[in-house]
Amino acid sequence: MLRFNPTSTTLRPLLLVALLLCFVGGSLAAQGAAVRYSVSFDQREHHEAKIIVRFTDLGSRPLELRMSRSSPGRYRLHEFAKNVYGISAVDGLGEALEVEPVTPSSWRVKNHHGTVEVSYTLFGDLLSGTYSAIESRLAVLNPPATFLWAKGLEQRPVEVDFDLPLGWGVVSQIPEGTPGRIEAVDLAYFLDSPIGLGTFDNRSWRVDRKGRPLPPIVGELSGDHEGEAAANGFEQEIRLAVHHQGEAELVDRYQEQLKRLVAEAGAVFGELPLFDYGRYTFIANYLPFAHDDAMEHRNSTIHSSPDPLKGSQKTLLHTIIHEFFHIWNVERIRPAALEPFNFEDLNPSSELWFAEGFTNYYDSLLMVRAGVSSAEEFLGDLSVTVDRFMNSPARNYGGAAYMSRRAAFNDRAAWVDPRNTVNTYLHYYYYGEALALVLDLELRSQFSSSLDEFMQEVWRAHGVGGIGQERPYSNKDLEALLKQHTNEEFAAQYFENFVLTGGAPDFDRLLGTVGLSVVRSQEGGPWLGFAELSADSQGVSVAEQTRIGSPLYEAGLGQGDRILELGDRKLQALGDVERALRGHQPGGSIRLVSERRKEWREGLLHLEEDPTLKVLADPARKTAATSAAMASWIGSQVVPLEPSEPTIEAAEAAADVNPR
């Protein structure tokens, strides 16, 4: 999610070379005194881990300890310090030191004589991509939610030694120095690297620079050979580590589908990034007690779900390929507002509609291109995209940039008071997804181009270059690139109409270019509004805020109000609502008796036609041209690997590398 340096935008020349030397043949000591953690799990049945961290060469200044309040990939604050307790410290001679609280997430240690060893207990009982989970059979650690760190020591390397229960292993984008030890180049890389511990069902495959799977290697290759091949871009490794309850064959099938999705993602940009260690790692936890969550990182994804592999593969793949697409869009093509990443506060960004929303568009598109989803399922996704966008009153309050800035209040943010987001907020995921659809179809129909080609331009302008060399972007940068790709008038109108303000595109016209139409899904039926209704022993009530302009809203009803009578029928169950509406038509009215906070009201409810939209194939619009356009859009973009293309053997010959 972020660059290595969390406190400065200064670029570090040749950082990748230094990083590789550090772990391949160099020494951590050459970069300064490492921060060393040790983690044990003696109380894992109670969701506790014991963590000790040793800081040395501190000089005479007080040690400023921090617990992160934000996490890469999340756009709201998290009070991770709430799960840390029993903090104590000693100096280098084992003498006790005072740990002075400063804020709920920071502490100060004085008079330490240059060395401080801090001990604390971590409680973790939420298996997700954002928090940490410690169980009798596994542990999954998100470092910002797990590890105390020291202000001012962010550039030091980090070592972690795990005292692992018998049979457990370590999975992370950070390489293991020795079994049970991971070694990160600095704090920011460490905090951006989720860690899986336990017994995994492991798979891996080689890919070429475009993401296409390569044949398995017979025999083992040396580390030098593998590193040289990766550095030349001919081969990288994709790893899949799964915690699950089921047969190994389920993981085999999952891997085969994931291979196709990775290749389709690579085809969008024309190439994979060069991963920092020549490999990318999927960490997947599909267990009944898992929380549904997924999070992208620079060279890894962590995904958790209570859904099993059996019967849920499509849903799980849909999520995990979204996170993989982020290796370009948000990890390397990075909003400037997220740089440098602030682990102690928020990084508000106006560009999340592009970083997250365009990624949301591509996850559905990649699923159908890879043949994992059907064309009919893709049309279902399009229906949700178009309907959600067109029927949201939130667009009256701002465009995609505005909705992006409100992420802090909506990225699974916690609250106790009622909110009116149904009327005031359209999630940047969904806003950007709709705008990606608009741009893709406009580029295809007007400019003989595609969103794939535009994304490649964004990649070349802002993503290519390696660690510390990517060039973060703003909305103005995106607009400038779109002007180059199309023309000044089109780009200016796109950003003014959709990014800055809440304009409505003509989806029916655009989808008509590929033989589709937008229609109302419930023509002719009476409609009360989008608000969810619930029923209990006291009758029917409105379970959420009513949407502006809907019949219930215009009748003055809101969240918590009870509908006592509709027409001449008393409501006691949800089915009574449908029965009361029988025989009524849109445009008519029906008697309504409601109750709000012990106050009864009687009036008329004016019925409308349900405005819910859906996208469907339209035979009247099917021509040779629209069929070809559809095939170009949702068909596979992967060019088969030819025998004459460069392989790892060619890389070896070109580099004159001799495997040991």
Just checking, any donor-acceptor pair under 3.5 angstrom between side chains of [X] and [Y]?
X: N142; Y: R74; answer: no
X: D307; Y: S312; answer: no
X: S541; Y: S534; answer: yes
X: S300; Y: Q173; answer: yes
X: Y131; Y: S71; answer: no
X: W149; Y: S68; answer: yes

By side-chain hydrogen bond (donor to acceptor under 3.5 Å, both in side chains) - contacts of [X] (at least two apart):
X: S450; answer: none
X: Y286; answer: Y254, H303
X: S445; answer: none
X: W328; answer: none

Working note: W353 + Y429, criterion ring pair (Phe, Tyr, Trp, His ring centres under 6.0 Å); need CA distance, chi angles, decisive distance, verdict. CA-CA 6 Å; W353 64 274; Y429 270 57; over 10 Å; no

Between L516 and L379, is a side chain to side chain contact (heavy atoms under 4.5 Å, CB included) present by the stated rule, with each step listed? CA-CA 9 Å; L516 305 176; L379 291 187; 3.6 Å; yes

Using the side chain to side chain donor-acceptor pair (under 3.5 Å) definition, which of the options R298, R332, E356 pairs with H326?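 Checked R298, R332, E356 against H326; only one passes side chain to side chain donor-acceptor pair (under 3.5 Å): E356.
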
Quick one: ring-ring contact (aromatic ring centres under 6.0 Å, His included) pairs with a partner in residues 533-558, sequence neighbours left out?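 Qualifying pairs: none.
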
Applying ring-ring contact (aromatic ring centres under 6.0 Å, His included) as the test, list every pair that has at least one member in residues 393-412; sequence neighbours left out.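 Every pair satisfying ring-ring contact (aromatic ring centres under 6.0 Å, His included) with a residue in residues 393-412: there are none.
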
Going from [atom1] on [X] to [atom2] on [Y], what distance comes out if it is rounded to the nearest 0.5 angstrom?
X: L127; Y: I134; atom1: CG; atom2: CD1; value: 11.5 Å
X: Q446; Y: T486; atom1: CD; atom2: OG1; value: 8.5 Å
X: L592; Y: L604; atom1: CG; atom2: CG; value: 8.5 Å
X: I321; Y: M367; atom1: CD1; atom2: CE; value: 9.0 Å
X: N420; Y: Y425; atom1: CG; atom2: OH; value: 14.5 Å
X: M295; Y: S128; atom1: CE; atom2: OG; value: 7.5 Å

Can you list everything that forms a salt bridge (Lys or Arg N to Asp or Glu O under 4.0 Å) with [X]? Sequence neighbours excluded, please.
X: R412; answer: D293
X: D440; answer: R444
X: E609; answer: R520
X: E79; answer: R69

Quick check: are there more than 12 heavy atoms from other residues, nucleotides or ligands sitting under 6.0 Å from CD of E602?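 More than 12 heavy atoms, drawn from other residues, nucleotides or ligands, come within 6.0 Å of this atom.
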
Does NZ belonging to K82 count more than 12 external heavy atoms closer than 6.0 Å?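 More than 12 within 6.0 Å, yes.
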
When you look at E296 and I327, which way does the side chain to side chain contact (heavy atoms under 4.5 Å, CB included) test go after all the steps? CA-CA 8 Å; E296 76 278 3; I327 63 173; over 6 Å; no

Distance-only donor-acceptor hits, side chain of residues 430-437, under 3.5 Å, sequence neighbours excluded:
residue: Y431; atom: OH; partner: G398; partner atom: O; Å: 3.4
residue: E433; atom: OE2; partner: T385; partner atom: OG1; Å: 3.4

Distance-minimising heavy-atom pair for N347 and A337: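 It is ND2-O, 3.4 Å.
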
How far apart are the closest heavy atoms of G463 and E470, and which atoms are they?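 G463 and E470 have their closest heavy atoms at O-CG, 3.1 Å.
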
Could you walk me through whether F354 and V458 satisfy the side chain to side chain contact (heavy atoms under 4.5 Å, CB included) test, starting with their C-alpha distance in whole Å, then the side-chain angles of each, then the deciding distance to 0.1 Å, before giving a yes or no? CA-CA 11 Å; F354 184 84; V458 178; 4.3 Å; yes

Under 3.5 Å, side chain of [X] to main-chain N/O of [Y], donor-acceptor pair present?
X: S392; Y: F389; answer: no
X: R579; Y: R569; answer: no
X: R76; Y: A408; answer: no
X: T501; Y: G399; answer: no

Presence of salt bridge, R547 and E608, under 4.0 angstrom: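 No, this pair does not count.
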
Give every residue pair that meets the salt bridge (Lys or Arg N to Asp or Glu O under 4.0 Å) criterion with at least one member in residues 501-512, sequence neighbours excluded.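 Applying salt bridge (Lys or Arg N to Asp or Glu O under 4.0 Å) to every pair that reaches into residues 501-512, excluding sequence neighbours, yields E442-R509, D508-R621.
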
Could you check whether the rings of F325 and Y362 sit parallel, tilted or perpendicular, using 30° and 60° as the cut-offs?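 Geometry flag for Y362 against F325: parallel rings.
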
According to the interplanar angle, ranging from 0 to 90°, do the rings of F282 and Y280 count as parallel (below 30°), tilted (30 to 60°) or perpendicular (above 60°)?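 Correct class here is perpendicular.
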
Under 6.0 Å from the ring centre and within 45 degrees of the ring axis: does the NZ or CZ of R406 meet both conditions for the six-membered ring of Y428?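 The answer is no, since R406 fails at least one limit relative to Y428.
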
Working note: Q559 + V422, criterion side chain to side chain contact (heavy atoms under 4.5 Å, CB included); need CA distance, chi angles, decisive distance, verdict. CA-CA 11 Å; Q559 185 174 11; V422 68; over 6 Å; no

